[in-house]
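Inspection log for the structure reproduced underneath, given as structure tokens.
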Amino acid sequence: MRQGKLSRWSCAAFLLVLLLGGAFLLSVQNFHPYVVFQTAESLEVVFIQGSQPTRQRCNAVVDRIVEVMHAQCSDCRLQARRCLDKLDARQRKILSGLPVDVPLLRVPDGALAFLSNAPEIALEICQGAGRHASRSVPAECAKAGADGITLSVAKIGGAAGAAGLPKFSTLLGIVMLAAAISLLVCFLIIRSERLHGRFSHDITATGRQKFHTAPTPRIGGIAIAAALAGTMLALEALDWLNLASAHGLTMLALSAIPAFAGGFGEDITKKVGVPVRLLLTFVAGVLASLFVGATLDRLDMPGLDTLLLWPLFAIAFTAFAVGGIANSINIIDGYNGLAGSYAVFVLAALAWVAALVGDPVVLTASLAMLGALLGFLAFNYPGGRIFMGDGGAYLLGFWLGELSVLLVVRNPDVSPWFPIVLLAFPVVETLFSIYRRRFLHGRSAGRPDAMHLHQLIYRRLARVAVAPGNPVDKLHRNNVIVLYVSAGASLFMIPALLVWNSTPWLVTLGVVFWVAYLWLYFRLARLRAPAWMIISPKARGS
């Protein structure tokens, strides 16, 4: 047994050394020629070349580009000339070969991007330059890849602004359609529970994490999935969004099928374990990377950002991160409205920032899921008449994870730590639960218990909010948890909305959240609940 543990640790150490070695090799300094000219038509032409091994050779390439440009365009004004030892997300996208949202002229070992407030002028000049260049070197102007099926399109031209977003009536229609579908499907599930109850009911007699008082359908994930699917189809059919973008979102929704199927299988059979569900969610993350390019390329962490330059590592890391978020949403889904309400706040924040940076894809996708949750919550909170189940939790977590990835990779101005802070509660809950079970108590990290923070709040804080002893009182205590978590989450989400583009401030918020979480957890675990946090019977009017 001990030899097996040593063998596993040896393999882990070998992989760590291998990754660190790869990061070191990739971090060897290279220099990229970078030149920017402005034409008489107020058009910016950005030259970015492949890496050069020394700064001297890079400077020679820059001089050659400037000389050729001056010879071809005497009226062009030089705005920037330098050698870049590090590329930002925009510049990496230009050299990667993936579509971007401005015309590109790809040449051997580099590319020219044409930026203008008038897209038609940029495209016309790019095409002319392509015809001229093709006489001597193979070059062809690539049209701006709008927001097509490659949803990770980098917005190197800057924020599109409100002009590039759907109208308010369209956005409202997306929310209302998703809510209506979800509401209707939830109603049908509840009305027909006699037909499927033996498969779909979440009974009350088993499980340390059961706090409801009557058998309840736990297949509300069907309603969320139906609302999401219906809204994605409407985006295409009703021309609510660019057709290619809508099709891309449909492909993203199809990628979610393995994640939803694993959770839904557990809801029906009670035999799909956590490892299988996680594996299927990882598969869904890989499919999203392959189908729509939803792959992280930066986290503003020097060593990790270097590793993310490897496509295979980036895809695997993204799939792991999305799977972890999905599992964390499932972990906090323990009380009426808790996971759903928390996700509504996160989706609203993602939509807000997406609107600020002019990202219609993330904006509409966020509002579609937000509407689906509102329809579900009408029956889930406060009455607790239906649960989203593992299927709904994994689907919701997958969608939150993918939208977080897309917001970051599509908009270089958005800090990757913004969605991390938004999802801090479920992520920190999951990481601390693993640490607590494995290292503090010496148990399996996947073994369920009743020691999550929201469960301690139920027993230590909400327990005095109502008189115990009957199902109605237990339901009231159950519902109070949402108030605690929502209030606590808002203390960090609201500041994050003010500094969504500042990694240092967001990292600070993340650290403060960790400290606050640990302080509250250990206070409650040691039966020393802060008196000012307790809701008294008098406060409730009882």
Side-chain angles (χ1 to χ4, degrees), residues 145-153 164-186 220-261 263-264 281 283-294 322 326 329 340 343-344 346-348 350-351 354-355 359-376 388 391-407 409-410:
D147 294 318
I149 192 170
T150 304
L151 294 180
S152 62
V153 166
L165 298 177
K167 296 179 180 179
F168 176 78
S169 58
T170 299
L171 299 177
L172 182 61
I174 291 171
V175 175
M176 293 181 65
L177 176 62
I181 295 174
S182 180
L183 191 71
L184 175 61
V185 176
C186 282
I222 295 178
I224 297 173
L228 196 61
T231 308
M232 293 301 104
L233 293 176
L235 287 175
E236 291 195 58
L238 301 179
D239 197 25
W240 280 352
L241 187 64
N242 173 282
L243 185 60
S245 301
H247 183 56
L249 283 177
T250 300
M251 296 300 294
L252 181 64
L254 291 175
S255 302
I257 290 177
F260 173 73
F264 184 71
T281 310
V283 170
V286 172
L287 291 178
S289 289
L290 298 178
F291 287 174
V292 299
V322 170
I329 294 297
V344 164
V346 176
L347 290 164
L350 291 174
D359 190 330
V361 169
V362 176
L363 174 60
T364 52
S366 299
L367 294 179
M369 179 59 83
L370 191 151
L373 289 177
L374 292 179
F376 165 77
M388 71 170 61
Y394 276 92
L395 173 61
L396 175 58
F398 172 84
W399 202 252
L400 290 173
E402 292 298 341
L403 293 188
S404 298
V405 171
L406 288 174
L407 183 65
V409 300
R410 285 171 54 83

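Taken to the nearest 0.5 Å, the CG atom of D359 stands 8.0 Å off from the OG1 atom of T364. Taking CG of L396 as the start and CD1 of I329 as the end, the distance is 5.5 Å to the nearest 0.5 Å. To the nearest 0.5 Å, atoms CG (L183) and CE (M176) are separated by 11.5 Å. Rounded to the nearest 0.5 angstrom, L395 CG and I222 CD1 are separated by 11.5 Å. Rounding to the nearest 0.5 Å gives a distance of 10.0 Å between CD1 of I174 and OG of S169. In this structure, M369 CE and L350 CG are separated by 11.5 Å, a value rounded to the nearest 0.5 Å.
Heavy atoms only, all atoms of each residue included: A227 and A372 are closest at CB-CB, 3.5 Å. The two residues A253 and M232 come nearest to each other via the heavy atoms CB-CG, 4.1 Å. Taking every heavy atom of both residues into account, L373 and A343 meet most closely at CD1-CB, 3.6 Å. Across all non-hydrogen atoms, the minimal contact from P166 to L241 is CG-CD1, 4.3 Å. Of all heavy-atom pairs between G285 and F398, the closest is N-CE1, 3.9 Å. Nearest approach of A246 to E236, heavy atoms of both residues: CB-CG, 3.5 Å.
For the pair W399/L252, a side-chain contact is recorded, criterion being any heavy-atom separation below 4.5 Å from C-beta on. Put simply, the side chain of L347 reaches to within 4.5 Å of the side chain of L403, judged on heavy atoms. The closest side-chain heavy-atom distance from L374 to L370 is below 4.5 Å. Using a 4.5 Å cut-off on side-chain heavy atoms (C-beta onward), I257 and L287 make no contact. Side-chain contact between W240 and L177: present, with at least one pair of heavy atoms (C-beta onward) separated by less than 4.5 Å.
In this structure a side-chain-to-backbone donor-acceptor pair under 3.5 Å is present from S182 to F376.
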